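First up is the structure itself, then whatever we jot down about it.
Predicted model, so just to flag it, every value in this text is computed and none were measured. Convention: sequence-line order gives letters A, B, ...; per-chain numbering from 1.
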Number of protein chains: 2
Amino acid sequence: MLNKAQSEKEFLKNYNIHDYDIPLTSVDLVIFTIREQCLHVLLVKRGDFPFKGEWSLPGGFIDVHKDKDLDATALRKLREKTGVRVPYLEQLQGFGSRTRDPRGWSTTFVYFSLIASDQIELAHGGTADAAQWFPINAESRLPKLAFDHAEIFQVALQRLYNKVEYSSLAAHLLPTEFTLTDLQQVYQIVLGRQIDKSAFRKRIKEGNFLDELEGQFRYGSNRPAQLYRIKEGSGLVYYSRTLSNE
Amino acid sequence: MLNKAQSEKEFLKNYNIHDYDIPLTSVDLVIFTIREQCLHVLLVKRGDFPFKGEWSLPGGFIDVHKDKDLDATALRKLREKTGVRVPYLEQLQGFGSRTRDPRGWSTTFVYFSLIASDQIELAHGGTADAAQWFPINAESRLPKLAFDHAEIFQVALQRLYNKVEYSSLAAHLLPTEFTLTDLQQVYQIVLGRQIDKSAFRKRIKEGNFLDELEGQFRYGSNRPAQLYRIKEGSGLVYYSRTLSNE
DNA sequence: ATAATAGTGTCTGTAAGACACTATCCA
DNA sequence: TGGATAGTGTCTTACAGACACTATTAT
């Protein structure tokens, strides 16, 4: 009679994942940035089947040898496409169905990332898929996307809108040093509406997630603007009220 | 020369998922209910390796033949364990790493469910794993859980706490007909603190997600209490402020 | 009548919104 | 000096919290 540990060892020895019908599993990313006063999303042109030559969200399969966990896969993919080191990254949601991929039942863990446009060097050429920023606004429409990526993108965009209303999230779309007016503009771009300056500043100060860079200002033909950066090690700040009331 | 559709067809013909090292993919559930004035979570005793005989969150593998998408897998698992038909179900988050399952790289899509305790018949006996409700409060501790389920449970519990603060979520822990005092008690149990009755009622009425059952009351040795039920087809209501201010 | 819980009214506190005001630079 | 944008002060508004008050039943 085997004891429990021995039984488990025996079980694992005989266990072969290839004996089962299991779904494909990938990780995809919705990467937002702000360029030229407009929210943009990163898309790549697929170099392989399926959907070869069509636009899609960047992503790919988990490398069970290289990646220690899902976050590692996401970070690896992010680095491959943008060269970015420490962006804002959170998991959005999983998607999975029999029909989303013609190769069969497939699932994907979708991540949501915000990066400053000044930190990006898009990967190009070689075997890498072509990557390109697409603006998101009322005038422009994204190209048709592969798989169910159009639906996934909509969910991500909705999450961005919602979360900006009650958190410090939007600060991660800016370069490391910025003014409060920069920050307010980012909020306005994302939310698509004007925000009152006074109310906005009271709220940001109250949130206490910025460091004032003492003696550092941005100069122009006006009163110099204080520069700030995100406080070291401060995660997202959540407010107990949203910005707007409808 | 093949055209694009033919090339893709050719590619798919030669594609065999078993040629690749890919992770295991499962769906797990964190199912909450309220029994005897206390929040409970459903755990099952594992009938098979790995972690045979240990407690875990209910769940299992995607059945690529039966399930059309992830939600279908989650609903199937929920029905198998509890017999419940239309509970509150949302996806919580995915987890995946090389180490969480001794069989190898594995991922799981975790769902989050709230159900009324009066609607449940726990599946027992046969080959089914034994299922049992465990109380969640300061005095009691959950047993040691298999895989990374202890961590997953903590994330789910945190989500419950947070979401109850700014939404109508907690209403889904009640049987179909309830009084406002019932509802307030559920909020208090989940949040672990008292709530002011007047403020609470103003908020709920404002939310407009309940139907007053005209002429139906719960009687006792006091003024009869109006019965309510959740409005047909109303999803969650989100408030622009949380209940508490810290 | 009394106990008990249902349900309401009134006042206060807090933070967002509106908007006018001052501050400080460049040309 | 004037134009421009940075930054502040004051009043209003919306809603959560505190708490006392009234309402309606069973016993």
Take the protein atom CZ of B/Arg203 and the nucleotide atom C1' of D/dC15, then report the distance between them rounded to whole Å.
-> 10 Å

Would you indicate what A/Arg201 reaches in the nucleic acid, counting non-hydrogen atoms under 4.0 angstrom: base, sugar-phosphate, or nothing?
-> base

Quick one: is A/Lys205 getting a side-chain N or O under 4.0 Å of the D/dG7 phosphate, OP1 or OP2?
-> no

Spacing between B/Asn208 atom CG and D/dC15 atom P, to the nearest angstrom | 14 Å

Over 12 non-hydrogen atoms of neighbours within 6.0 angstrom of NZ in B/Lys231 = yes

Take atom CD1 of A/Ile204 and atom C1' of D/dT8, then tell me their distance rounded to the nearest Å.
-> 16 Å

Tell me: CG of B/Leu183 to C1' of C/dA6, nearest whole Å?
-> 15 Å

In plain terms, say whether A/Arg193 and A/Glu165 are close enough for a salt bridge, that is, a side-chain N and a carboxylate O under 4.0 Å apart.
-> yes

Integer-rounded Å distance: D/dA18 C1' and B/Arg193 CZ | 15 Å

Any idea which heavy atoms bring A/Leu183 and A/Ala171 closest together, and the distance?
-> CD1-CA, 3.7 Å

Check: B/Phe112 ring centre within less than 6.0 Å of B/Phe32 ring centre | yes

Counting heavy atoms from C-beta on, name the nucleotide in C/dG7, D/dG7, C/dA18 closest to the side chain of B/Ala225.
-> C/dG7

Give a yes or no on whether the backbone of B/Asp69 and the side-chain of B/Asp67 come within a donor-acceptor separation of less than 3.5 Å.
-> no

Mind checking B/Ala199 for me? I need base, sugar-phosphate or nothing, with any heavy atom below 4.0 Å counting as a touch.
-> base

Between C/dA16, D/dG3, D/dT5, spot the one nearest the side chain of A/Ser221, thanks.
-> D/dG3

Of the listed C/dC25, C/dA16, C/dA6, the closest approach to the A/Pro224 side chain comes from C/dC25

Please determine if a side-chain N or O atom of A/Lys202 lies less than 4.0 Å away from the OP1 or OP2 oxygen of D/dG7.
-> no

Looking at the side chain of A/Arg241, which of C/dA6, C/dA15, C/dT24 is the nearest nucleotide?
-> C/dA15

Closest to the B/Ser198 side chain: D/dT8, D/dC15, C/dT8?
-> C/dT8

Taking the nucleotide of DNA chain C with the closest heavy atom to each, which residue, B/Leu180 or A/Tyr219, is nearer the 5' end?
-> B/Leu180

Value in whole Å for how far the P atom of D/dA16 lies from CD of B/Gln184 | 14 Å

A/Arg223 CZ to C/dC21 P, straight-line distance once rounded to whole Å = 17 Å

Whole angstrom is fine here: how far is it from CG in B/Asp182 over to P in C/dG7?
-> 10 Å

Indicate, with a heavy-atom threshold strictly under 4.0 Å, whether B/Thr181 touches base, sugar-phosphate, or nothing.
-> sugar-phosphate

